[in-house]
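Reading through the structure tokens given below for one structure.
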Amino acid sequence: MSPIVSAKPELEKEADMILTNAKIYGHDKANTIAIRDGNIVFIGKRKASTAYRAKGTEIVDLEQAYVMPGFIDNHNHVFEAASEAGGNCELDMDASLEEQIPYLKTCRENAKPKGWVMGYGFSLDAILTDDNRYTPLEVIDRIFPDQPVVLMEQTSHSMWVNSVALKLANITKDSPEPQGGKILKDKITGELNGIVFDNAGDIMMEMAWNSLENQFDQSYDGLMLGLEEAGAHGITTIGDGRLYWKRGWYEVWKEAERKGDLTSRISLRPWIYPTDSMPPQLAFLKTIQSSDKSALLLVDQVKMYSDGIIINGTAKTLAPYLETYIPDEPNGINYIAPKQMKTWLSSLDKIGYSAHIHAIGDGAIRESLNAVEYARSQGSEKPYTLTHVEMVNPQDVARFAKLDVTADFQVGSDYVAQHDHQWAEPFLGKERTHSLMNLKSIFDTGANVTLSSDWNVNDINPLVGIANSLKMGKTGLPDVYAAIDAYTINAADSLGISDITGSITVGKSADFAILDRDITRLSKNSIAKTEILMTVLQGDIVFDSEE
């Protein structure tokens, strides 16, 4: 355990706040933390903390609560997850194509005339079955014949759209597919069937978002709700899932910063648009780059996708899929082509950016590691992360540590905790399916491993991820300390900010998640039930369960 440490009192001013009567993670012999100007200046016994007390010092008796480093969610779509801007047309995740009709009719009744309708909540395998009498396009066109509709499947990698939306996007059955996107057609007639994958759907979602009335206000309100949810779960730093800067999202974040409304430190990750040329994107990225660690907004990593996802056949694999919705792409697709990604990483490094790369299939993971290897050969020392990392070829496992690449996993779903991946067998077969989501194989190489939520794909609660990584057994993390590191200091390393946060250390930012129990002494099943009592960011209480 860490020794009791403090800055020399005679060289410091009095504390702004003292947290006392606490149990402190990593400091078994301490019960008190003193904070000044947002940073930790003392960790030790209550008696020794008197040197930091002054008339204006706020004393907080934590009544034996457990103080942990603030959680760092390395991949969280906090901007989108709680926003109504993404649509209020909600479908049924388990409904068949015909069973979705009542939900679509309700959406029609609630929709404003003529404008875009946005929604979410269908399941691809439920609405694309061989016994359908009609295509998804025919069904949605009957209900929405005269206004554009785009409905997002929960993973955000599949969209259900109508003919009006397709026309606005200039998509016909003869259109070339955009880079990183697929346009599905009826197997028999060759006509469009109303389902588009990945970047083809992103393009239409962007059109819909930019058509919103009061777009800025809706986005701002959604952001505030998302940050509130994060604070309630002990999250003090967020790695942004993606910043769609063409939707005005950057301006929303900057306004929140200007108004002092940020309740979490944010690493914003501008989106790399697959169909746009590189020079104008680099020019824009250069104007917003910021590595000022004293600020709550950092902009020094981008978000790029290498591939899609397994369940719709767009994750890039080394061996072909056994079954796929896109037989013309038997190994899946790339958002960013492998050679292009090498150029991207090298060019981004020159203007101060690293990358958080979506890579799910073993093909995409190998290609992404190759791109990082190239960037390293060009002199880049920045932190790179591959996120999702669901299927890794054994030959590539050791490369994460060798190339100093973080592997970021999401384990917030029950099926992951139980290693129940039977859903993937029709696509990958038993052998490849059995190898999915093996955290321990990469952890054992000494590579940096992080956990994140990908909220709202998974539960935002970090304690669920910590618990599930232990429930995974042979494929999970070895102990609770490794799991905590994955949601704190390891994530800070991934973001390049481990010098200012991620652990309870004198000189670092006073970022804490204060719990009602010591999770290191709990069973796997009890960890996720632990209550967050308080969240502290830079010495400010941003969440208090009693308020």
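None of the values given here were measured: they were computed from a predicted structure. One is the number of the first residue; the rest follow in order along the sequence.
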Would you check if the side chain of [X] reaches a backbone N or O of [Y] as a donor-acceptor pair within less than 3.5 Å?
| X | Y | answer |
| --- | --- | --- |
| T488 | F71 | no |
| T275 | Q179 | no |
| S413 | V416 | no |
| Q281 | Y273 | yes |
| H421 | M437 | no |
| N199 | G180 | no |
| Q301 | S494 | yes |
| D479 | A482 | yes |

Are any of the side-chain nitrogens in [X] or [Y] under 4.0 Å away from the carboxylate oxygens of its partner?
| X | Y | answer |
| --- | --- | --- |
| K303 | D240 | no |
| E373 | R376 | no |
| E206 | K246 | no |

Listed pairs under 3.5 Å, donor-acceptor, residues 444-452 side chains, sequence neighbours left out:
{"from": "D444", "atom 1": "OD1", "to": "K440", "atom 2": "NZ", "distance (Å)": "3.4"}
{"from": "D444", "atom 1": "OD2", "to": "K440", "atom 2": "NZ", "distance (Å)": "2.8"}
{"from": "T445", "atom 1": "OG1", "to": "I442", "atom 2": "O", "distance (Å)": "2.6"}
{"from": "T445", "atom 1": "OG1", "to": "A447", "atom 2": "N", "distance (Å)": "3.4"}
{"from": "N448", "atom 1": "ND2", "to": "T406", "atom 2": "OG1", "distance (Å)": "2.9"}
{"from": "N448", "atom 1": "ND2", "to": "N490", "atom 2": "O", "distance (Å)": "3.0"}
{"from": "T450", "atom 1": "OG1", "to": "N74", "atom 2": "ND2", "distance (Å)": "3.2"}
{"from": "T450", "atom 1": "OG1", "to": "D408", "atom 2": "OD1", "distance (Å)": "2.7"}
{"from": "S452", "atom 1": "OG", "to": "D408", "atom 2": "OD1", "distance (Å)": "3.1"}
{"from": "S452", "atom 1": "OG", "to": "D408", "atom 2": "OD2", "distance (Å)": "2.9"}
{"from": "S452", "atom 1": "OG", "to": "Q410", "atom 2": "NE2", "distance (Å)": "2.9"}

Strictly by modelled atom types, are [X] and [Y] linked by a side-chain donor-acceptor pair under 3.5 Å?
| X | Y | answer |
| --- | --- | --- |
| Y220 | D261 | yes |
| S503 | K508 | yes |
| D454 | H75 | yes |
| Y335 | D198 | yes |
| R265 | S509 | yes |

Enumerate donor-acceptor pairs with a distance under 3.5 Å from any side-chain N or O in residues 537-547 to protein atoms, sequence neighbours excluded.
{"from": "D544", "atom 1": "OD1", "to": "E546", "atom 2": "N", "distance (Å)": "3.0"}
{"from": "S545", "atom 1": "OG", "to": "L533", "atom 2": "O", "distance (Å)": "3.2"}

In residues 467-477, what donor-acceptor pairs under 3.5 Å come from side-chain atoms, sequence neighbours left out?
{"from": "N468", "atom 1": "ND2", "to": "V411", "atom 2": "O", "distance (Å)": "2.8"}
{"from": "S469", "atom 1": "OG", "to": "I466", "atom 2": "O", "distance (Å)": "2.8"}
{"from": "T475", "atom 1": "OG1", "to": "M472", "atom 2": "O", "distance (Å)": "3.3"}

Query - Q215, CD atom: more than 12 neighbouring heavy atoms under 6.0 Å - result: yes
Query raised in the report: Are there more than 12 heavy atoms of other residues, nucleotides or ligands under 6.0 Å from atom OH of Y103?
Result: no
Requested in this report: List the steps and the verdict of ring pair (Phe, Tyr, Trp, His ring centres under 6.0 Å) for W209 and W249.
Outcome: CA-CA 11 Å; W209 195 289; W249 290 9; 5.0 Å; yes
Requested in this report: Assess whether salt bridge (charged side-chain N to carboxylate O under 4.0 Å, His left out) is satisfied between E257 and K254, documenting all intermediate values.
Outcome: CA-CA 5 Å; E257 180 185 44; K254 290 298 288 184; 2.8 Å; yes
Report task. Decide yes or no for I484 and I519: does some side-chain heavy atom of the first lie under 4.5 Å from some side-chain heavy atom of the second? Result -> yes
Requested in this report: List the steps and the verdict of side-chain hydrogen bond (donor to acceptor under 3.5 Å, both in side chains) for N312 and T314.
Outcome: CA-CA 6 Å; N312 68 7; T314 57; 2.5 Å; yes
Query - Within the 6.0 Å centroid threshold, strictly below: H358 and H356 - result: no
Report task. Quickly, which of V392, I357, D396 forms a side chain to side chain contact (heavy atoms under 4.5 Å, CB included) with L369? Name it, please. Result -> D396
Requested in this report: Quickly, which of L515, D516, N461 forms a side chain to side chain contact (heavy atoms under 4.5 Å, CB included) with I532? Name it, please.
Outcome: L515
Query raised in the report: Out of W271, Y353, W245, which residue meets the ring pair (Phe, Tyr, Trp, His ring centres under 6.0 Å) rule with F284?
Result: W245
Query - Stepwise ring pair (Phe, Tyr, Trp, His ring centres under 6.0 Å) test for H157 and F197 - result: CA-CA 6 Å; H157 285 262; F197 286 166; 9.4 Å; no
